[in-house]
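Quick notes on the structure that follows.
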Amino acid sequence: MKVSTLLSLLPTAALAHDLLSVAFFAKEKTQLLDFVSDNEHIDYGCRPVVIPSNNEHKLHAMLTEEQVHHYRRSLDAGAIRVETLDHLNKRQTATAPIGKGDRFKGGKVAPRGLGNQKPDVYGSYQRAGILNADEVYTALKGLEKEYGLELFKAPYKTFEGNTVWGGVANKAEKIKKGKQHIYFTSGIHARERGGPDNLIYFISDLLYANKHRKGLTYGNKTYTNSDVKKALGAGIVFIPMTNPDGVRHDQANSNLWRKNRNPASSVSGINASVGVDLNRNFDFLWNFTKHFDPSVSPASTNSSSQAFYGTAPFSEPETRNMKWVYDIFPKIRWFIDVHSAAGTLLYSWGDDINQSNDPKQSQFNPAYDGKRGVVNDTLYREYIEEEDWYNIELQANRTTAAMVSVGGRTYVPQQAVGLYPTSGASDDWASSRWYGDKKLNKVHGYTLEFGYPTNFYPTAEEYVQNIIDTNAGFMEFILTADEIGLKDERNE
Ligand SMILES: [Zn+2]
């Protein structure tokens, strides 16, 4: 019996405390690639990512205890081994709490970030816990009241009737169309706790430091007040919680919920079959069974899968809202979709290995349908302009270097395809817009995976460290964007 057949019989929606964080180790990356191809049903987090580890490669995943036993027995001794990650198991008894009540009192109180405060306040943030879904909104209202932050309502309500809110942080404190060059989003994968908090506290830091003429300090990394002004001058659009239905469901049930809550494709009685993986729903090679080699599965057509791609590109209100922002703020140049948990900053492309020699090997060329996504062949590689490739790598290197220099932990820059391809992801779609239509502004899209691998529910200490790490990363990202260029010279 094929391992993948056996696994499909296992429960797909286990509770958080039933799952163990594990890593598969192998000498060769290709051994792990073959393993993923044969075991698509495993929960690898946002996407399977391989990270170098001493003289080996490691691949993170979440398994039930039965699955761990199964792999211990079935894997060839020596070629690949599986280990549970002891340092992560503590999370099952000590995850950061979800905040109770409303610490922002309906918007009368503005949130304060950590970049202007001494480390002795960290304990109070750890105890207060992760922002609940209502607080993500009252935090925005608090920033509006205290600093005049401009808020906007995205046009498409979610299936459960929630409104998606965003903000615009500018020096001028007024929305001036065409002045916003930076776009941050978070919360698309509901279970990735603390993502919205990272954005809320970062914007809070910028606005506080600007108003009080101060700089920002994240661990060993410091930024001056003129850096703060430069960052606000770049014009930041952000949506801290793009998937409120999913976040509410995850916070209420602690069931590692990833998708939205659209039941249109669900099977009666199976909770796992509710919802679409919003980060496979964007119009980037969305119809993967046509565009990719049949040996790879960059998404899933099965509604019970964690990677279910929906019924059409942009079939979901949440992804349409994220797309709408590019219409309203047409000069966005640099984009990060904030995810967890891996410790990586991913840059395009995510469908295959990059190349700058042959523009015909492109996502838009039907001649290559059925050939994409096999990362260790040369039959197809995704075209990117040489200058873009240089710039997006430079940005990823600078941003991760700043995050490392905070002094908390390691972050690694990687091309998004890494081990295995994805289709329909927010970062690739953003990057693909200009390649498909030269009249549109060029966007460089990224996926930031904060936190320890597959540790979607951080401990209280990790939760605060994630805020500090990501906030230094956001700051560096904007300053590097400013240096490389906020405007598309060719279009202006
Ligand atoms: Zn994710």
Side-chain angles (χ1 to χ4, degrees), residues 13 16 19 21 36 40 42-51 59-62 88 130 136 183-199 238-251 254-261 272 275-282 284 297-300 305-310 316 318-319 322 335-348 350 411-412 414-430 445-458 462-463 466 469-470 473:
L19 291 171
S21 284
V36 171
E40 287 153 5
I42 292 181
D43 189 341
Y44 297 104
C46 299
R47 60 183 89 198
V49 171
V50 163
I51 298 170
L59 164 70
H60 287 276
M62 299 184 91
L88 294 180
I130 291 163
V136 174
Y183 181 23
F184 293 137
T185 55
S186 191
I188 193 170
H189 283 151
R191 66 191 182 179
E192 295 165 13
R193 290 185 177 175
D197 311 45
N198 295 333
L199 282 184
F238 69 104
I239 300 181
M241 188 170 62
T242 51
N243 176 16
D245 294 2
V247 170
R248 284 172 191 280
H249 183 77
D250 178 75
Q251 292 191 344
S254 291
N255 60 353
L256 290 169
W257 194 257
R258 163 171 161 133
K259 302 186 280 181
N260 72 358
R261 293 292 299 164
V276 170
D277 181 358
L278 300 170
N279 209 31
R280 299 294 183 278
N281 188 241
F282 287 80
F284 173 77
S297 302
S300 176
S305 166
Q306 295 272 30
F308 176 51
Y309 72 162
E316 306 308 298
E318 295 88 350
T319 49
M322 287 172 73
F335 167 63
I336 300 181
D337 197 15
V338 179
H339 289 248
S340 73
T344 53
L345 180 60
L346 307 176
Y347 52 88
S348 292
Y411 279 82
V412 185
Q414 282 191 349
Q415 196 199 317
V417 71
L419 181 72
Y420 203 72
T422 44
S423 56
S426 62
D427 54 351
D428 281 328
W429 175 75
Y446 291 78
T447 294
L448 172 63
E449 297 264 3
F450 69 86
Y452 288 96
T454 64
N455 193 23
F456 299 113
Y457 296 172
E462 287 165 359
Y463 164 67
N466 289 339
D469 289 348
T470 57

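All values below come from the heavy atoms of this structure, side chains included, with hydrogens, waters and symmetry mates left out. Count residues from 1 along the sequence. Whatever order the structure lists ligands and atoms in, that order sets their numbers, starting from 1.
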Would N260 and H249 count as a side chain to side chain donor-acceptor pair (under 3.5 Å) if you check the C-alpha gap in whole Å, the side-chain angles of each, and the deciding distance to 0.1 Å?
CA-CA 9 Å; N260 72 358; H249 183 77; over 6 Å; no

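With sequence neighbours excluded, the residues forming a side-chain contact (heavy atoms from CB on, under 4.5 Å) with A430 are Y326, F335, V443, listed by chain and number. Scored by the salt bridge (Lys or Arg N to Asp or Glu O under 4.0 Å) test, D250 finds R193 as partners (sequence neighbours excluded). With sequence neighbours left out, the ring-ring contact (aromatic ring centres under 6.0 Å, His included) criterion links Y309 to W286, F288.
Residues Q414 and T344 bring no donor and acceptor atom of their side chains to less than 3.5 Å of each other.
Taking a cut-off of 2.8 Å, the protein N, O or S atoms nearer than that to the Zn ion (ligand 1) are C46 SG, H189 ND1, E192 OE1, E192 OE2, H339 ND1.
Taking 4.5 Å as the limit, some side-chain heavy atom of L345 sits within range of a side-chain heavy atom of Y446.
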